Structures are given as C-alpha cells and as structure tokens.
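Bear in mind that the values here come from a model prediction, so they are computed numbers and not experimental data.
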Amino acid sequence: MTAGRPSTLAPRGMVTCPHALASAAGVDVLRAGGSAVDAAIAASAALAVIYPHMTGIGGDAFWLIHDAKTGKVHYLNGGGRAAKSASIDFFTARGLTDIPFRGIVPASLTTPGSVDSWCKAHANWGRLPLARNLQQAIAYARDGFPVTGRLAGWIARTEAELRAQPDAAAIFLLNGVPAAGSLIRNAGLARTLEAIAREGRAGFYEGAVAKALAGYVQQHGGFFTEDDLHAQEAHWGEPLAGHYRDLTLYQTPAPTQGFTVLEMLNLIEPLDIRKTGFLGPDHVHLLVQAKQIAYHDRDRYLADPDFADVPLDHLTSKAYANERRALIDPARALPWDKVPSYGSLTGDTVYIATIDEEGNAVSLIHSLYGAFGSTVVAGDTGVLLQNRSAYFSLDPAHPNSLAPGKIPVHTLIASMGKRNDKLWSVVGCMGADGQPQIQLQAYVAMMDFGCDIQQALEAPRWLSGRFGIGEARDTLHIEGRFSDETLRALAARGHQLHRWGAWNELAGHAHGIVIDPITGIRSGGSDPRSDGAAIGY
C-alpha cells in the first residue's frame, strides 16, 4: 500500500466509503437530486454486492442522520433480533459453550436488519425512488462487478469455508479463487434487490423472498421463520452525546459500543495529550490504557437496552471518568487481568459517510460481522447471511445472554461531531473491537494535533486486543511506520507488541468527511487500507 493522497475537497456533496465504485454510486444519486440518505442507500446497496466479504443485505446497519433544517441528529437501530425459537438450551444440550462462528446456526439465529433500516430512513429523508437508489447495485449483481485484489485475497483466505457452502461456492468460487480484475455475478441477489426496489420493505420481509429465505433456513436446520422476518423492524432512538474540548460528539448507543469512544475521550481529556508528541510513546501508551478501561466497562455492562439496564449516562459522565482515570499508570502497561476483557478484533464491516448540498448528512455502519458473515448464501436469493449472533453470550447471568427477540451486542458504531453547534465531522470505520480505538485515534489526531481528515486516517495505527483465541488479550498490534524510538519505549513499558508491516488492512478501513466552518467546503478522507475513495462534486 502507498499513501500520501490529499483530502478530497468539494463545495456541494460528498460520499466516502471503502470501495470507489460505491462512493461513485452515491455521488451519482446526489447529482440526480438525491439526499444524503438516498446516497447512503445507494452506496450501501452497491457495497452489499461488490464488497461481499464486508457487508450484505443479510446483515445489520446502524445510522446517525443529521437533519440540516433542525440541526438534530437522529439515531436508527437496524439490528437484527434473535428468532422466537432461539434459546440457550439449544446450545447447552449439544455441549456448546459458545455460538458457532460459521454455518446455518449463526446465519439464522438473528434476522437481517439492514433492509428495513434503509426503508425507514428513506421514508423520512428520501427524495428519489428507492428503485433509483438501488439501480447501480442491481446492475453490478446482474451484469457482474470487478474483483479487487483485496476481495480476491479474502476469498482465498476463506476458501475452505465458502467451498463448504455450495450456494456460496457457486458465486464466489465458480472457477476457483477469482483473480483480481475478473468478474463475479450474483443473479439471485439482483432479483432480490429488484424485489426491494419494486416493493420496498415487503419485497424482502414478506412475499416470495421471505418465503425463500425462511424455507432455506428451515430446510437446513436453522432458526428464523417467515414470522420472524415479518416481525423484524428498525426503530428510532436518541444518539449518545459527549464533549471533548469544543467538540460535541454523537455516537450510536446500546446495543452498540459507541459509549466507549466517549468514555475514552473523557479519560484522556485532562491529560493534555498535545504535550505527548504525535505518535510518540506517551501518546500511544495513554490511549491504549484508556481503551482497556473503557472496554472493561463495555464487556461488563453492554447489552440490548430492551432486555438489560445499561447505565450509559453514568459510563459517559466526566465524574465516572475522573474515578476510573486513577487506573492509568503513565510508566507501565496496564495488566489485562487487572482490567479484563473477552472481546476479539476479528470482524468485517463497511462504513459510509455522505453529505448533500443542504448539509444533511449520514453516518452509516453496515456489516455481516465476520468475513463473508456466516459464509451461508440462502439459495436462489443470493443473500449472504450474517453471523452477528455469534456475539451473544450463553451465560444466562450475562446482560448479553441469548434470548428470543433480543439484539446481540454490536461492535458497529458511527459518529458525528459538531463544533459551535454546526456539523463538523462524519467519521467511522470497520474493525469490530477496533472501531472505537480507530475513532479515538482519528479524533485525537484532528483535535489535538491539527491533522486534516486524510492525514488522520493515513496515520500509522495501533489496535489493542486479540485477533485470535491464542493471542494474549493485551497484545498491542502496531503498524511499522511508528518510530523505532516509540516501539522500543512501548516495549520497555511492558506492552506486548505485535509489529505489523508499514500498512496492515487489519488495522481497519476508516473514512470521514469534515466541513469547513467558514466556507462550508466538504473535505473527505478515505483509508488507503481499503479500496475506497472520497468523491465529491
């Protein structure tokens, strides 16, 4: 990977996401008179076709939407709920202590939530017909889309699991692992998207598509039924809001982990990060410790707020941060057994940021969870089903325990920031447990060290945690572009370093747009670790 690109500057509208063709689809909709929501749906649908290892309509989505007329930020929860037949007993009776990561069980334990969230957002802010927004996604599915080198690599890495699912193999391994530049077609997905274009929500959650999805699941021993699909519904709520210096930062609330970003910023705000030196050992050391403290709270409390009391006001308060800050040791790494966590960095997602000419904006996160989700394609529908339910706990006493109708804890988060009551930032990323850490690093780079959005996203990155069960929970994965002095100092303080090369895709795909408060010019950034681009007009 090489980098060094400038921010994209545009006066009217902008879209940024991890694939240039999806950004272009969104901008095409903006040019046709569409809103930021229309553009987000167009980009999201395109990504569901051309970036299938990261997202799909068989997954979930969470939104923040800025209404330029009122200045209000709205939150939309498109999380899929556990089927009525879901139960912990199903797993304990089979001697399982965890929900499997692949296969029909996680594929069908929760229902897909993203399509209903598209329709809910479109009903409120769409200007163009839904069919127009899905037009390019349908064409890519029907006529074929070019395989990027990254997609080819992920197909190769996931080959054994995809080959175990005949309907998935027929799409992604038709002639073996595809070469970069070859075409993949998914005619079944094109037909499913056409049904959504014609009928909206009913084209997916009712009628022929719902019957086909549920029939496939039941035939293969899965969970959700047509009734579960009919019952799936996205719902509106209030975003979280916190303050860091002069920034008011909005985050998606429970069941997502958005509160951890606010808690981490609260923890570091009095420490005067500006004096630590950008990307120096103190800068990294203090942010890593804030991450460990916030993630301990996440793993202790986070769950579906319809089923558990999640004390978000307390966890995001300055007073609570003042108490927890005493755990930070400026000289030594914080032992993981002192502030434990069970999460994993493994996960794949897409993030989309859009702004239209009026200043309406969308911060949208859309995912299947693992690479290619469950790896299950539901027959002729062409729909890859997610494996997000693998995040449920099978401990009945845990707030995130599996129960019918419950949404599992989501690593998916999206952000928006305001300065002086004006929309300033729309930022997010993929990366499972890495998402709050990546947002933290990007906002600190911009707020404390004067980076523009592209510089903040290109900066060398670290992720604290584990990618696999065999790794230590306090492994600090770190890109090799950090200075030797920083790496040596971190190791001397007791951090268990896993040194990556100069760039590593596992460090996440982050994207964002910042608005100049005086000129209104949109400045877009796209992560060079992805296939994306920030495109404006």
Side-chain angles (χ1 to χ4, degrees), residues 59-64 75-92 96-99 106 109-111 113 117 223-224 228 231-242 250-264 266 291-317 319-321 323-324 339-344 347 365 367 369 386-414 432-433 435-436:
D60 293 344
F62 294 85
W63 302 60
L64 293 178
Y75 163 64
L76 181 59
N77 177 342
R81 296 187 178 276
K84 292 178 183 177
S85 58
S87 73
I88 292 176
D89 290 345
F90 173 91
F91 297 94
T92 56
L96 297 171
T97 56
D98 294 293
I99 295 170
L109 193 54
T110 59
T111 49
S117 77
F223 286 88
F224 69 65
D228 291 313
Q232 175 61 37
E233 185 175 5
H235 60 272
W236 298 98
E238 291 296 320
L240 293 177
Y250 296 89
Q251 288 284 339
T252 50
T256 84
Q257 60 180 339
F259 85 88
T260 60
V261 181
L262 303 181
E263 183 177 351
M264 288 187 287
N266 287 341
K291 173 264 173 182
Q292 289 174 288
I293 293 167
Y295 276 46
H296 172 268
D297 290 331
R298 180 199 70 170
D299 294 340
R300 182 179 178 188
Y301 296 111
L302 189 58
D304 184 343
D306 289 342
F307 288 76
D309 180 18
V310 186
L312 293 178
D313 289 343
H314 178 64
L315 293 170
T316 59
S317 70
Y320 182 67
E323 295 175 16
R324 298 288 275 170
V339 185
S341 174
Y342 69 83
S344 167
I365 194 87
S367 180
Y369 184 31
Q386 66 184 339
N387 59 338
R388 180 61 59 177
S389 61
Y391 228 88
F392 273 125
S393 171
L394 295 180
D395 176 1
H398 195 280
N400 185 42
S401 61
L402 174 64
K406 191 173 186 178
I407 301 174
V409 162
H410 269 267
T411 54
L412 305 182
I413 58 173
D433 280 6
Q435 291 184 41

Okay, side chain of [X], backbone of [Y]: is any donor-acceptor separation there less than 3.5 Å?
{"X": "Asn77", "Y": "His235", "result": "no"}
{"X": "Gln257", "Y": "Ala432", "result": "yes"}
{"X": "Ser389", "Y": "Pro106", "result": "yes"}
{"X": "Gln232", "Y": "Gly79", "result": "yes"}
{"X": "Asp297", "Y": "Thr260", "result": "no"}
{"X": "Tyr369", "Y": "Ala390", "result": "no"}
{"X": "Asn266", "Y": "Ala321", "result": "no"}
{"X": "Asp304", "Y": "Ile407", "result": "yes"}
{"X": "His410", "Y": "Tyr391", "result": "no"}

Looking at Ala403 and Phe307, what are the two nearest heavy atoms and their distance?
->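 For Ala403 versus Phe307, the nearest heavy atoms are CB-CE2, 4.3 Å.
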Evaluate side chain to side chain contact (heavy atoms under 4.5 Å, CB included) for Thr256 paired with Gln251, printing each intermediate quantity in order.
-> CA-CA 9 Å; Thr256 84; Gln251 288 284 339; over 6 Å; no
Give every donor-acceptor pair under 3.5 Å between a side-chain atom in residues 84-91 and any protein atom, sequence neighbours left out.
{"unit_1": "Ser87", "atom_1": "OG", "unit_2": "Phe90", "atom_2": "N", "d": "3.2"}

Would you give the length of the straight line joining atom [atom1] of [X] to atom [atom2] of [Y], rounded to the nearest 0.5 angstrom?
{"X": "Thr111", "Y": "Phe224", "atom1": "OG1", "atom2": "CZ", "value": "7.5 Å"}
{"X": "Asp313", "Y": "Thr316", "atom1": "CG", "atom2": "OG1", "value": "5.5 Å"}
{"X": "Thr110", "Y": "Lys406", "atom1": "OG1", "atom2": "NZ", "value": "13.5 Å"}
{"X": "Arg324", "Y": "Leu315", "atom1": "CZ", "atom2": "CG", "value": "9.0 Å"}

Is there a side-chain contact between [X] and [Y] in this structure, where contact means two heavy atoms from C-beta onward sitting under 4.5 Å apart?
{"X": "Thr97", "Y": "Leu394", "result": "no"}
{"X": "Phe62", "Y": "Leu76", "result": "no"}
{"X": "Gln435", "Y": "Ile365", "result": "yes"}
{"X": "Ile413", "Y": "Pro436", "result": "yes"}

Listed by chain and number, what are the salt bridge (Lys or Arg N to Asp or Glu O under 4.0 Å) partners of Asp228, not counting sequence neighbours?
-> none
Stepwise side chain to side chain contact (heavy atoms under 4.5 Å, CB included) check, His398 with Asp299 | CA-CA 10 Å; His398 195 280; Asp299 294 340; 5.7 Å; no
Might you work through the side chain to side chain contact (heavy atoms under 4.5 Å, CB included) test for Asp306 and Arg81, ending with a clear yes or no?
-> CA-CA 11 Å; Asp306 289 342; Arg81 296 187 178 276; 3.4 Å; yes
Report the C-alpha separation of Tyr250 and Leu240 in whole Å, then their side-chain angles, then the decisive distance to 0.1 Å, and conclude whether the side chain to side chain contact (heavy atoms under 4.5 Å, CB included) test is met.
-> CA-CA 5 Å; Tyr250 296 89; Leu240 293 177; over 6 Å; no
His314: what forms a ring pair (Phe, Tyr, Trp, His ring centres under 6.0 Å) with it, not counting sequence neighbours?
->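 His314 satisfies ring pair (Phe, Tyr, Trp, His ring centres under 6.0 Å) with Tyr320 only.
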